[in-house]
Amino acid sequence: MAEDKLPKRSEDFSAWYNEIVTRAELAEHSPVRGCMVIRPNGYGIWELMQQALDRMFKDTGHVNAYFPLFIPQSFITREAAHVEGFAPELAVVTHGGGKELEEPLVVRPTSETIIYSMYAKWVQSYRDLPILMNQWANVVRWEMRTRLFLRTMEFLWQEGHTAHETEQQAEEETLRMLGVYRTFMEEYLAMPAVTGLKTDSERFAGALRTYSTEVLMQDNKALQNGTSHNLGQNFAKVFGLQFQSREGSLEYAWNTSWGVSTRMVGGLIMTHSDDNGLVTPPRVAPIQLVIVPIFKTDAEKLTVMEAAEEVFRIIKAAGVRVKLDDRDSMSPGSKFYDWELKGVPLRMEIGPKDVEKNTVVIVPRVELSQEEAPKPGKKQKLFISRTELLARIPQLLDRLQSQLYENAKARREANSIRNVTSYDQVKELVARDAGFIYAGWCGSAECEAKVKEETKATIRVIPFPEFQSAEKPSHCVVCGGSAKHEVIWSKAY
RNA sequence: CGGGGCGUGGCUCAGCCUGGUAGAGCACCUGGUUCGGGACCAGGGGGUCGGAGGUUCGAAUCCUCUCGCCCCGACCA
């Protein structure tokens, strides 16, 4: 077969990423520029993400609904900041049914306007609040430059939209959902996320405050993969979302919105995968374990397949997402490479020797520090008795899940540079893609813009206390004025 | 939208400069032998050269326009 190897991450990270996406059959370009077809391998990951998130949303009291794709253009233009933010990336429908429309329809870039206009109809009194709703949808934003999963003109996401009596309740909701995202990313995607507040320049168009989760990719660029906004009363005022308060007065509701998208799939790839291909954390792996039977003679094939099928049934019954690779046109070695490329967490080999000894061989996609170390230059192979399988496989999946998280977190820590006090050092660090750069900032948009202009790095976030350095910076790394915040600078996707 | 690169069977690419009517490897199909880290032999199917227009007796090859992809920059989840 002699398949070509992937480009190496260290040599061409972009090419490596693109090759993984297409060769692992996650997605490919559509005939329409900037749009993508998500193939079953990629969509399977997204489905598992959806399932887990949806459960978490329900557990925090949210319900799902669906609002339409088309939004009257006039809705978008009502909220000043919102229009300004989205105008350049709107797709507008001007014709329908063969006639020019009286009012053009915007293909939703996000649904604040249509949703809050509806909430306004549904809410009369404080008794109707809070509204805690979510929708799973596609949205369209006209983009100049696109990349599969990371930035496409149409993407899939969920957008939560809530309405509350008080600013404090809205703020609590905003932070609660940011926390849900972080938990989800860490527990399911094995992605260590830094959470914090966005600066004014990075804030969502129409929000009071925007918070985000930021994850460091293997090329040391940051990926914002979740945002949560406290919208204040901006949209409520524009769409007349009012309620009679407990005191009898008429008040505008306080809104929040929060979303994550298929961009997370791209982040997942860039966090864990290696030069052999995709690496998928077990909890979001469409196939968690693949069984590769090995045999020479027909007699061996018979006994090996019988054993493989039995193991398959047992493991499947235990709730593991397992596949038996019974393709007979491919050699086992070739299958090994194939499943490594596709990121399956565990591979099981069953051959004549295993049948004889009533064992199987398991090879984890990523080396597990808790298991016996491999021989130098070899892959880690675990020899497991068939009688232990039901206990061992879930354990190995768990260990792989946490191993990926530990690896990613260690990498992030190794590439977080704290207490940077000179601007020259910032320039030097950004120039060599050093990662997350923690430094003081005076809070001025001028200093922020200067750094962006001169280095391409932006303030990713004003990190929450648990991420802040032990020693608080005293001066702005740009102007030398007194520091208002410690911020994280980094190049970003 | 600016700069650069590239579009030739499913994939990677040769052919283009010096026009003469399309080729390789891999993949795919059939049969056989194989199978513990990318198997081998034999046979076979498949492209009109991104698209449109032009020059020419004749265009993958020359010219014009256009579409798309990739990289870099400005904008962004």
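First the proteins, then the strands, lettered A, B, ... as listed; each starts at 1.
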May I ask you to verify if any side-chain N or O of Arg145(A) is less than 4.0 angstrom from the OP1 or OP2 atom of rC72(B)?
yes
Do the side-chain N or O atoms of Asn18(A) get closer than 4.0 angstrom to the phosphate oxygens (OP1, OP2) of rC71(B)?
yes
Has Phe336(A) got its ring stacked on rG37(B), by the test of a centre gap below 5.5 Å and a plane angle below 30°?
no
Please name the nucleotide paired to [N] by Watson-Crick or G-U wobble geometry with both distances under 3.5 Å, or report none.
N	result
rC75(B)	none
rG37(B)	none
rU12(B)	rA24(B)
rU18(B)	none
rG43(B)	rC29(B)
rG68(B)	rC6(B)

Does any donor-acceptor pair link the side chain of Glu340(A) with the base of rG37(B) at a separation under 3.5 Å?
yes
Can you identify which nucleotide, out of [options], has its nearest atom closest to the [X] side chain?
X	options	answer
Lys296(A)	rC35(B), rC75(B), rG37(B)	rC35(B)
Ile294(A)	rC35(B), rG37(B), rA39(B)	rC35(B)
Glu143(A)	rG38(B), rC69(B), rC75(B)	rC75(B)
Lys379(A)	rG37(B), rC35(B), rC69(B)	rG37(B)
Ser261(A)	rA77(B), rG73(B), rG38(B)	rA77(B)
Lys353(A)	rG36(B), rC69(B), rA74(B)	rG36(B)
Arg263(A)	rA77(B), rA39(B), rC35(B)	rA77(B)
Lys456(A)	rC35(B), rG36(B), rA74(B)	rA74(B)
Val363(A)	rC71(B), rG37(B), rG38(B)	rG37(B)
Ser334(A)	rA77(B), rC69(B), rG38(B)	rG38(B)

To the nearest 0.5 Å, tell me how far Thr359(A) OG1 sits from Lys353(A) NZ.
10.0 Å
Separation of [N] [atom2] from [X] [atom1] (nearest whole Å):
X	N	atom1	atom2	answer
Trp142(A)	rA74(B)	CH2	C1'	19 Å
Met330(A)	rC35(B)	CE	P	17 Å
Asn225(A)	rA77(B)	CG	P	13 Å
Glu25(A)	rC11(B)	CD	C1'	12 Å
Asp325(A)	rG38(B)	CG	P	16 Å
Met153(A)	rA77(B)	CE	C1'	15 Å
Glu356(A)	rG36(B)	CD	C1'	14 Å
Lys357(A)	rG36(B)	NZ	C1'	11 Å

Residue met sooner reading RNA chain B from 5', once Lys301(A) and Gly34(A) are mapped to nucleotides
Lys301(A)
When Thr152(A) and Asp338(A) are each assigned the nearest nucleotide of RNA chain B, the 5'-most assignment goes to Asp338(A)
Does Trp258(A) form a side-chain contact (heavy atoms from CB on, under 4.5 Å) with Thr174(A)? I'd like the steps, not just the answer.
CA-CA 7 Å; Trp258(A) 26 275; Thr174(A) 307; over 6 Å; no
Which part of the nucleic acid, if any, lies within reach of [X] when heavy atoms closer than 4.0 Å are counted: base, sugar-phosphate only, or nothing?
X	answer
Pro332(A)	base
Ser14(A)	sugar-phosphate
Pro293(A)	nothing
Val361(A)	base

Quick one, Val311(A) and Arg386(A) - any side-chain contact, counting heavy atoms below 4.5 Å?
yes
Would you mind reporting whether Val487(A) and Trp489(A) have side-chain heavy atoms less than 4.5 Å apart?
yes
Taking Arg9(A) first and then Glu11(A), would you say they form a salt bridge - that is, a charged N and a carboxylate O separated by under 4.0 Å?
no
Test: Glu28(A) and Arg39(A) ion pair at under 4.0 Å
yes
Against Lys198(A), only a single residue in His229(A), Arg209(A), Arg460(A) fulfils side-chain contact (heavy atoms from CB on, under 4.5 Å); can you say which?
Arg460(A)
Checking side-chain hydrogen bond (donor to acceptor under 3.5 Å, both in side chains) against Asn134(A), which of Glu159(A), His161(A), Gln158(A) comes through?
Gln158(A)
